[in-house]
Structure formats: C-alpha cells, structure tokens
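Naming: A, B, ... by sequence-line order, numbering from 1 per chain. Model, not experiment: these values are computed from the prediction.
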Amino acid sequence: SAVISQKPSRDICQRGTSLTIQCQVDSQVTMMFWYRQQPGQSLTLIATANQGSEATYESGFVIDKFPISRPNLTFSTLTVSNMSPEDSSIYLCSVLVPRYEQYFGPGTRLTVT
Amino acid sequence: KNEVEQSPQNLTAQEGEFITINCSYSVGISALHWLQQHPGGGIVSLFMLSSGKKKHGRLIATINIQEKHSSLHITASHPRDSAVYICADNNSGGSNYKLTFGKGTLLTVNP
C-alpha cells in the first residue's frame, strides 16, 4: 500500500494567478499521476509524472498550463497556471504500486474567482 | 473506446438496508477498481479485482468477466457509508495502468 498526502487541501485563488499543489508519498513509487475532477464530472487524467524527465500529458492538457515536476520517487508537484474559473476542480495525485493497484491522495479543492 | 457505465446514479437507503451498485464496461480489462469518494474530495481505494469476488468487512465486490459487469454490495448499510462510489477499469488507450472512470453513484444512507 501507499499513503499519500497533498498540500494544500483547498484554496481559493484569483483569476490569472498560479497555484502549485504538492504530492508526497510515504514510499518510493515508479508511476505517479495527476487527475482533475471538475464539478459533477468523473476523474480525468492530466498527466503521468515521470521521475527525472518531462511529464507525459494526456490529450487536451499542455505543459504550459499544467507544469509538473517529479524530482524524486516520493514527491511531485502540479502547477495550475494563469487560472480561470474553469480550472475550479478537485486535483488528485495517485500512485501505482505493483499489480496495478492505485492509491489516491486526499485531493486539493481549488476554487478560482 | 472504453466506456464505464454505473447505475444507479443516485441511491438513497435506510440504515440497515442491503445496497447494490452496478458497473458495466465495454472492452476487455486487466482489473476493475471500486473507489469511495468522501464529500471532501479524497478518494479511497476499496477493491481491485480481475475475477471472482472480494470481501472486506461489510463490502463485497464481484466481477463477471464474460458479461463485462461488476457489482459492489454493502451489507447492513450505515450513514457513514454515505459517499460517492466510483468504478474504474484498467486498459484504456492501450496502456493498462491508465484508468477509465465511471461517473459515480451518490449513496445516501439515512438513519
């Protein structure tokens, strides 16, 4: 198993600003993911955070808007840049452990005004 | 394209009732996950299964690979079970670690 923490747990931000969300895992994991859940919607994968190299983004998500860092095997950050009200969502990180089990963080609830 | 459908979308029950939430998927999978999302947004993994049945406390998950269908059962439901239950499967887009999510079932258990 894996225990994941995220910071901040929630934030209210102004349009045009940026927010960096941190994800910390209690053990080394190879694969870490960032998801977005817009109000009333299911989760959508933003990107796979790769340690030591650039993240792999899903269709519809770009590095300029959602830069991701993964400096080591237990930590990653997601930045939501130049925010607009449409970015108001819950952002979750998750990790993949052997045999395809995924564990999720507690989420960051972002409101953009 | 893989699709994951859940039913019902909303479910209200009285404490003590037996609950069933259904999940259907459209393509072959390597595993199916049941997740629980609390009002604050955090997600807890309940089960991952690729065949048969798993049980944890009052929760039971079953899967029928041939019919591409899974169910989550809650016995003796309790108000603290109130949450959104999400099923998700592996094997979307050719990468079997990526998950395709259902839209979730909002369960409310009244005392």
- Message: Only heavy atoms, only distances under 4.5 angstrom. Which residues in residues 102-111 of chain B are near chain A?
- Response: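 Under the 4.5 Å heavy-atom cut-off, B/Gly102, B/Lys103 qualify.
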- For chain B, which residues of residues 53-80 of chain A have heavy atoms nearer than 4.5 angstrom: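 Within residues 53-80 of chain A, the residues under 4.5 Å from chain B are A/Glu58.
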- Query: Do you know which of A/Leu45, A/Leu92, A/Leu43, A/Val95 makes side-chain contact (heavy atoms from CB on, under 4.5 Å) with A/Phe33?
  - Reply: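 It is A/Leu45; the other options fail the test.
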- Query: How are the rings of B/Phe101 and A/Tyr35 set relative to one another: parallel (under 30°), tilted (30 to 60°) or perpendicular (over 60°)?
  - Reply: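 Answer is perpendicular, since the angle exceeds 60°.
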- May I ask you to check whether over 12 heavy atoms, not counting those of A/Ile12, lie within 6.0 Å of atom CD1?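 Incorrect, the count does not exceed 12.
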- Message: Under a 3.5 Å distance rule, please check whether B/Gln37 uses its side chain to pair with a backbone N or O of B/Ile86 as donor and acceptor.
- Response: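 Checked: no pair found.
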- Flag, side chain of A/Gln24 to backbone of A/Lys7, donor-acceptor distance under 3.5 Å: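 Absent.
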- Query: Roughly how far apart are A/Tyr103 OH and A/Asp26 CG, rounded to 0.5 Å?
  - Reply: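 Rounded to the nearest 0.5 Å, the OH-CG separation comes to 10.5 Å.
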- How far does CD1 of B/Ile65 sit from CD1 of B/Ile63, to the nearest 0.5 angstrom?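 These two atoms lie 4.0 Å from each other.
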So which atom in [X] and which in [Y] form the shortest heavy-atom distance, rounded to 0.1 Å?
{"X": "A/Pro106", "Y": "A/Ile4", "answer": "CD-O, 3.5 Å"}
{"X": "A/Ser81", "Y": "A/Asp87", "answer": "O-OD2, 4.5 Å"}
{"X": "A/Asn82", "Y": "A/Ser18", "answer": "N-OG, 3.4 Å"}

- Item | Toward chain B, the part of A/Thr48 with a non-hydrogen atom under 4.5 Å |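 Answer is side chain: those atoms of A/Thr48 sit under 4.5 Å from chain B.
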- Task: Tell me, for A/Gln6 versus chain B, whether the close heavy atoms (under 4.5 Å) come from the side chain, the backbone, both or neither.
- Result: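 Nothing of A/Gln6, per the 4.5 Å heavy-atom cut-off to chain B.
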- Task: Sort B/Ile43 into side chain, backbone, both or neither according to what part of it lies under 4.5 angstrom from a heavy atom of chain A.
- Result: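 Both parts, backbone and side chain.
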- Query: Between B/Trp34 and B/Leu49, does a side chain to side chain contact (heavy atoms under 4.5 Å, CB included) hold up when you go through it step by step?
  - Reply: CA-CA 9 Å; B/Trp34 282 101; B/Leu49 65 166; 4.2 Å; yes
